[in-house]
Every structure is written in C-alpha cells, then in structure tokens.
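Hydrogens, waters and symmetry mates are skipped; everything else that's a heavy atom, side chains included, is used. The residues of the chain are indexed from 1 along the displayed sequence.
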Amino acid sequence: MGGPRTSIGFPHKRVLLQTEILLTSISGDTGVIHVLESEADLEWPLSKGPNPPYMVLLESSLFTKSIMMKMKNASSRVAGVVVVPKTSPPEFSPHTTCPNENTGVYTETYDHNLAHCNTTVWNPRGNGLSYEEFDFPVFSLKEDNETEVIKQCYFDHNRVVNGSGLQYPLCAMQLFSHMYAVTDTATCMRRGSIDFSTSPVMVCNPLGDYNVCAFIRPYNSTAFGHKENESVVVAAARLDSRAFFLQDSTGAEGSVSGFVTLLAAAQALREATQEAPPTRNILFAFFHGEVFDYIGSSRMVYDMKNNKFVIDLDNVHSILEIGQVAVRSGTNLFLHSDPVSRRNNTIHDEVTNLVKNLQSSTAGLNFSFVETGFSQPLPPSSFQRFLRARAIPGIFLADHQTAFNNRYYESFYDDAAHLNLTYPSNLSPEEQLEFVTDTAKSLTEVATAVARALFKQAGGNNSQVNNINADPKTVTQMLYGFLVRSNNSWFQALMAPELKDLPHQANALTYLVQYLLANLTGTATNLTQSQCKKPDELPNESTYMYSYFWVQGMVPPNSTQRESFCVRTAVRLAKAVSPAFDLGDYVSKEYSTWTESQWTFIKARIFLVASRDLEMLTLGVGVAVLFTSLLVTYFVSTKADVLFSAVREPNNGAY
C-alpha cells in the first residue's frame, strides 16, 4: 500500500580529504518504522526487534551524539533515522570543539602553544556529530500532519504492547537520498573529470559561493593589484552557517547577528562618509564559506596576493571583524586580538589605537568594549586567514570572552527563538516586520559603536562621530527577514523583479545581502529601467566604478503599482571558491578542500508490508500460476491442429 510522501530536510553529503559524512543506497533505504520514545527504547530496534532493519523516528530531544553513535554501531539493524524538530534542549552543537583548527593562523610554526585550542576551547559543547560518517540516511521531518500520519501508522501496526509479538501487516518507510560523491575530495574530483561520454556526470562540486564587497570610495573594478597611496580599513563578517540538516542552518547568533550588525553599520556610515570623507577607505567584506575552513576569506587573501583583487595586502591598514554579538552575558562585548603579531611594537601600537577607537565609540550607549588578555589567541575568525599571509593590526569583536556563549553553535536550534525574537500575538506579519524587538535595539547600539569606530579608524573628522547612528527599524527588519519570514514586503521592495522568488533559490543569502548592502549604502538615481541596464551609454555613469540595480520599490498607499527605481552602488560580488580547486591541489593543507555531492532527488514514502510467510506464500502461488500457465500454453500449442482445426462442410456437388 502506498503512503504519503513527506516534506523533508536532509544532511547534504560533504566530502573532505579522507572523510565521507553520509552514505545512502541508490535504490533507497527501507525499514520497519519504530518511534523512539526514550533512549531505553533503543533496545528494540538495535537488538530485540524481530524485523530489522528499522527506520527510527525520534524527536529532536533524542537526537543526541550518544543515541546516534549507538545506532551507527548497529547500522546493520538501522535503515535510517527521521528527526522531528520539537523543543530545544539546553545545549546542542554538532560542530567540533575547536572549529577550523587546521586552517587558522595558529600552527606548529606560528605558535604551537596556541594551536588546536590548547589554551582556549572555543566550543566546549561541540560533539562533532556533523563530522561523523553514517551508513544510513538521516532526514528531518517538518510537517506536523505528516509526522502524525507516520506515528499513527506506527501505533496502529508496529507498537509493541506488553512485550507481545507484532501482527502483520507492519508499517514501513523508504527514504531516497542517494549521493554520488565517493571516498574523498581527490577521488571525487578525479572521477568527475574523467570524460567517457559526450555529457560526463559530475559526482561532486567544490563548495563555494560569492563574497559580497563594497568600498565607501569605489575603485575601477578592472584595475587589479596595489593602489598607490591608498590605505584601507577592512570591516568584515561571515555570511554562512551550517547545521546537521542542510535547510535548517539559520545561524542566528553564529552568523546573522554579525553580518546584520555590519550591514547596519554600513548604512550608518553612508551620510557621514559622503559629507566628510575619511582619509582612508573602508571595505565592507561579507565572507562566504567560512565555516568550511575559511573558503571566502582565504580566497580574498589569495586574490590579493596574486593581483586578482582591486587592492593588495599592502593596502590593508587594519581589520575589524564582527563575530557573534547577540548573546551577551552582561553589558560587555569583548575585543580579541592576536598575541603573536602584537609582539611587534608597530602592530601592537596600531591595535592599541583601534581598541581606543572602539572603546571611545560606546559613549552614551548601554554597553562597553572590554579587551581580552594578550595570552589568549584569536577565536575562529576570517581575520586569521589574513594573519597567515601578513601581520596586520586587527580586532575580532564578540560577545564571549573565552568559550562561546552560543549554546547551539552551528545547529538548527540557533534560530530566532535563540535570540529571543518574540512578537505580540496580535500583530500581523507586516506589523511584526516593523516591531522593534529588544534584540534589534541591542544590535543597533553595537552597529552604532562599530560605525563610529570605523569612521575614526579611517581618519574621519571627530566632529562627525556623534552624528553616526544605526537605525533600529532597519535592524529589526533585517532580523525579521533573515530569521522569521524572508518573503516580506521590505525584502521584496529592495530586490530586482526577476528575483522576487529569491528566498527559494540556492544563493538566496548572497543576493539578499548584496541587494541590502546596495540599497543601504547606494544612491537612488533617476535612471529609467533601460538606462539602468546599460548605464555606460550615459556620460556620467560607469560600470567600471559602480554596479546598477533595478529594484522593485514599495507599493505606495492607495496604489497597486510599485515605485521601481535604479540604485547606483559600489557593491560587487567576488568569487568565494577555495584556491585549492584553481590550483588542482585536492589534498591541500593550506586551503579548504570541501566538496559537496551531486544528487538526483530526495523523497520519502510510507507503506504496509506483509509478513515473511505471506510474502513466501504469495511468491509460491505466483510461481505455481506461472508454471501452470506454461504447461497450459505448451499443451494448447502442441494440440493446436486438433483444437483449432476448421470443421469441414460436406460437399453438395451435383453430378
């Protein structure tokens, strides 16, 4: 009997060097459903149950390292696992305790005492579950009604009562999630490059996307390399996050809090930098792929070193990176710096000056910046990739002094609820979009301080500093859009008409940040739509210096037509794919070598299965019918001349 197909999430198979994260069958994985109600219930599917393999359905409270490893160790009896997200546990992080430990700056040659989190374990809650290899698929089931259908099927047919035997038919489930990737990145890429046909099948692709970048004073986008007499302050944040399940990686604290703060700071600086341009330029850089061994930042550093970016490393004056800043344990945010590079007096003095600029920028705000001790290394950060190339003054800003405050680092629980984004129940979605939450107010203050500090660090006039303030309405709209409802009127107004369905596309986050940064820092022009597409035909416009975006605009009151317009902006996209794949070095120790598998389709279904005896009886009857049919056919064919001969009529001839 066929059953309903489910709406699912799944852990995308990712490959790194010698590690495979997920293995699945090409024909699907099938098992009898068992609903796990407690860890003690594992005894049935793993040892006592007479009908293996089992498809284990469990709520997220039971999705722990302990339970998953027990099932991994008995994988011959487990066909798959289906997780139903419910209430959040006190803490859960499937990442490692020392994120990106092999690709940061701290190595045996830089300072071995600081390598591998020897002095500070940044993510002590990490259990490494995302890096375990499983021989069965693990799905996330989101639809409540479908969950109830599966559970009801289990209760009707599979549930053991008082140790009594099960009565057939049993309820079973089949999961389809075959991934083509094999063995490791080197093998996977090599197999994909072998061309035995006119249309070769790629089994895996390098992880990658785009970095989003913008200078307050743009450079010619075709003139790469060093810029004479130019000094640039880099303001950075990471865009990406991950979770065990591909679609659930919201990263509210892990990434959204940082890049929303930087976007708000960029908007706050717009007027001040136009009215009184600072002596140094400012580069806003949003890096993609950072959770996978710093893909985006390592790519930018590589391009700067090889004259493939509009500036080089010698143009970089200092770096301010925004990390996790939304979960404070008090009124302090912490300023982390690199103790190794600070042994150089020049670097130390520049870092000290940056710290002063940050601390003085909190005047009148409800928090303070506190510098951490010099003996502690930098937390996992994009800044580390710049330090691998050159000693650069810099600060990493975070809400934690030592270990992360984030109890759900890189997990699907790091969501809007984790940041206490709550709204009055009587508000409509549009009213929620405008409602300024306490979290938005807090991040607005951080963005204000960051913007003021960047202005000072870039050599801006101190008389302008107090006029720099982030907008709480913009911050609350961004938080709502990224964490609650991306398909909202504000996001729609800032996007191009052809991107109106963007939240459902693979690169949604990149393009959302690109268009947000363009609207928050760019200039609305009077260009028509056709002029916006071909601005080089106009005397005072240039695509070498600017990008031009035609956006939908808002719908005015008492109207049904949007007021679309053209935005001139310095925002650009820059490739965020590991240099290892350009170099063909698939076993690189210097750069990320993460790849992701290709797949055809993802689906699941439930159905009833008969007993083994009934299946054998059915098979036996079928075989008997087959042989009987063959015998009858043989008999009929051999006697065909008798059975089908025509009966002759007597001749009525006349003589």
Side-chain angles (χ1 to χ4, degrees), residues 210-222 235 237 239 259-260 262-275 277 281-286 288 310 433 447 451 468 470-471 473-478 480-482 486-503 505 507-556 559 561-574:
Y210 291 94
N211 297 326
V212 182
C213 309
F215 291 91
I216 60 170
R217 292 194 300 274
Y219 299 117
N220 187 321
S221 61
T222 63
L239 285 179
F259 73 69
V260 162
L262 188 55
L263 284 167
Q267 182 194 30
L269 281 169
R270 180 178 176 273
E271 288 188 14
T273 55
Q274 289 180 349
E275 292 177 5
N281 209 339
I282 299 175
L283 166 62
F284 298 104
F286 298 83
H288 223 301
V310 292
L433 176 65
I468 298 174
D471 180 18
K473 180 179 177 181
T474 300
V475 173
T476 206
Q477 288 174 322
M478 287 193 287
Y480 182 82
F482 285 117
S486 58
N487 188 19
N488 61 72
S489 61
W490 189 61
F491 271 16
Q492 289 288 328
L494 303 182
M495 302 304 295
E498 62 269 19
L499 297 176
K500 60 182 180 180
D501 296 323
L502 184 63
Q505 299 180 18
N507 301 88
L509 178 60
T510 302
Y511 291 116
L512 281 171
V513 171
Q514 178 193 23
Y515 273 78
L516 274 170
L517 187 59
N519 281 273
L520 296 178
T521 62
T523 303
T525 69
N526 294 321
L527 301 182
T528 64
Q529 186 171 6
S530 59
Q531 291 173 330
C532 197
K533 291 181 178 180
K534 297 180 179 179
D536 281 327
E537 297 178 355
L538 301 174
N540 297 320
E541 307 293 346
S542 172
T543 55
Y544 295 119
M545 302 299 293
Y546 297 100
S547 298
Y548 296 81
F549 298 139
W550 184 260
V551 299
Q552 294 189 101
M554 297 294 290
V555 179
S559 175
Q561 297 294 321
R562 292 184 178 273
E563 293 184 344
S564 302
F565 58 94
C566 182
V567 176
R568 182 198 301 117
T569 175
V571 175
R572 302 278 184 181
L573 295 182

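Residues S564 and Q529 have side chains not in contact (no heavy-atom distance under 4.5 Å, counting atoms from C-beta outward). Using a 4.5 Å heavy-atom threshold, the side chains of M478 and L520 count as touching. The shortest side-chain heavy-atom distance between D536 and E541 does not fall under the 4.5 Å cut-off. At least one side-chain heavy atom of R270 sits less than 4.5 Å from a side-chain heavy atom of T523. No side-chain heavy atom of F549 sits under 4.5 Å from any side-chain heavy atom of N519. Put simply, the side chain of L573 reaches to within 4.5 Å of the side chain of Y511, judged on heavy atoms. Between F565 and T525 the shortest side-chain heavy-atom distance does not fall below 4.5 Å. I216 has its side chain within reach of N281: a pair of non-hydrogen atoms, C-beta onward, lies under 4.5 Å apart.
When every heavy atom of S489 is checked against every heavy atom of M554, the shortest pair comes out as O-SD, 4.0 Å. Heavy-atom minimum distance, F215 versus A570: O-CB, 3.4 Å. The two residues L517 and A266 come nearest to each other via the heavy atoms CD1-CB, 3.9 Å. When all heavy atoms of A451 and I468 are compared, the closest pair comes out as CB-CG2, 3.6 Å. Taking all atoms of both residues into account, the shortest heavy-atom contact from V475 to A264 is CG2-CB, 3.6 Å.
No donor-acceptor distance shorter than 3.5 angstrom exists from the side chain of R572 to the backbone of C213, with no hydrogens or angles considered. Within the 3.5 Å criterion, the main-chain N or O of Y544 finds a donor-acceptor partner in the side chain of S221.
A distance of 11.5 Å separates OG1 of T528 from NZ of K534, quoted to the nearest 0.5 Å. Distance check: E537 CD to T543 OG1 gives 10.5 Å after rounding to the nearest 0.5 Å. For the atom pair CG of L433 and OG1 of T476, the computed distance is 8.0 Å after rounding to the nearest 0.5 Å. Taken to the nearest 0.5 Å, the CZ atom of R568 stands 12.5 Å off from the OG1 atom of T521. Residue Q552 holds its CD atom at 13.0 Å from CD of E563, rounded to the nearest 0.5 Å. We find the CG-CD distance between N488 and Q477 to be 8.0 Å, quoted to the nearest 0.5 Å.
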Margin query: Apply side chain to side chain contact (heavy atoms under 4.5 Å, CB included) to residues L499 and Y515 and explain how you reach the verdict.
Written below: CA-CA 10 Å; L499 297 176; Y515 273 78; 3.6 Å; yes

Check: Do V513 and L263 pass the side chain to side chain contact (heavy atoms under 4.5 Å, CB included) test, and can you show the C-alpha distance, the side-chain angles, and the key distance before you say yes or no?
Finding: CA-CA 8 Å; V513 171; L263 284 167; 4.3 Å; yes

Next item on the list: Take S547 and V571 through the side chain to side chain contact (heavy atoms under 4.5 Å, CB included) test and state the conclusion after the steps.
Entry: CA-CA 6 Å; S547 298; V571 175; 5.6 Å; no

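Counting non-hydrogen atoms of neighbouring residues, nucleotides and ligands closer than 6.0 angstrom, the CD atom of Q561 reaches no more than 12 such neighbours. By the neighbour-count criterion of 12 heavy atoms within 6.0 Å, atom CD of E271 is sparsely surrounded, having that number or fewer from other residues, nucleotides or ligands. Atom OH of Y210 sits in a sparse spot, with 12 or fewer heavy atoms from other residues, nucleotides or ligands closer than 6.0 Å.
Side-chain rings of F491 and F482 approach one another, their centers coming within less than 6.0 Å.
Just one of V212, T474, V260, L494 meets the side-chain contact (heavy atoms from CB on, under 4.5 Å) condition when paired with L516; it is L494.
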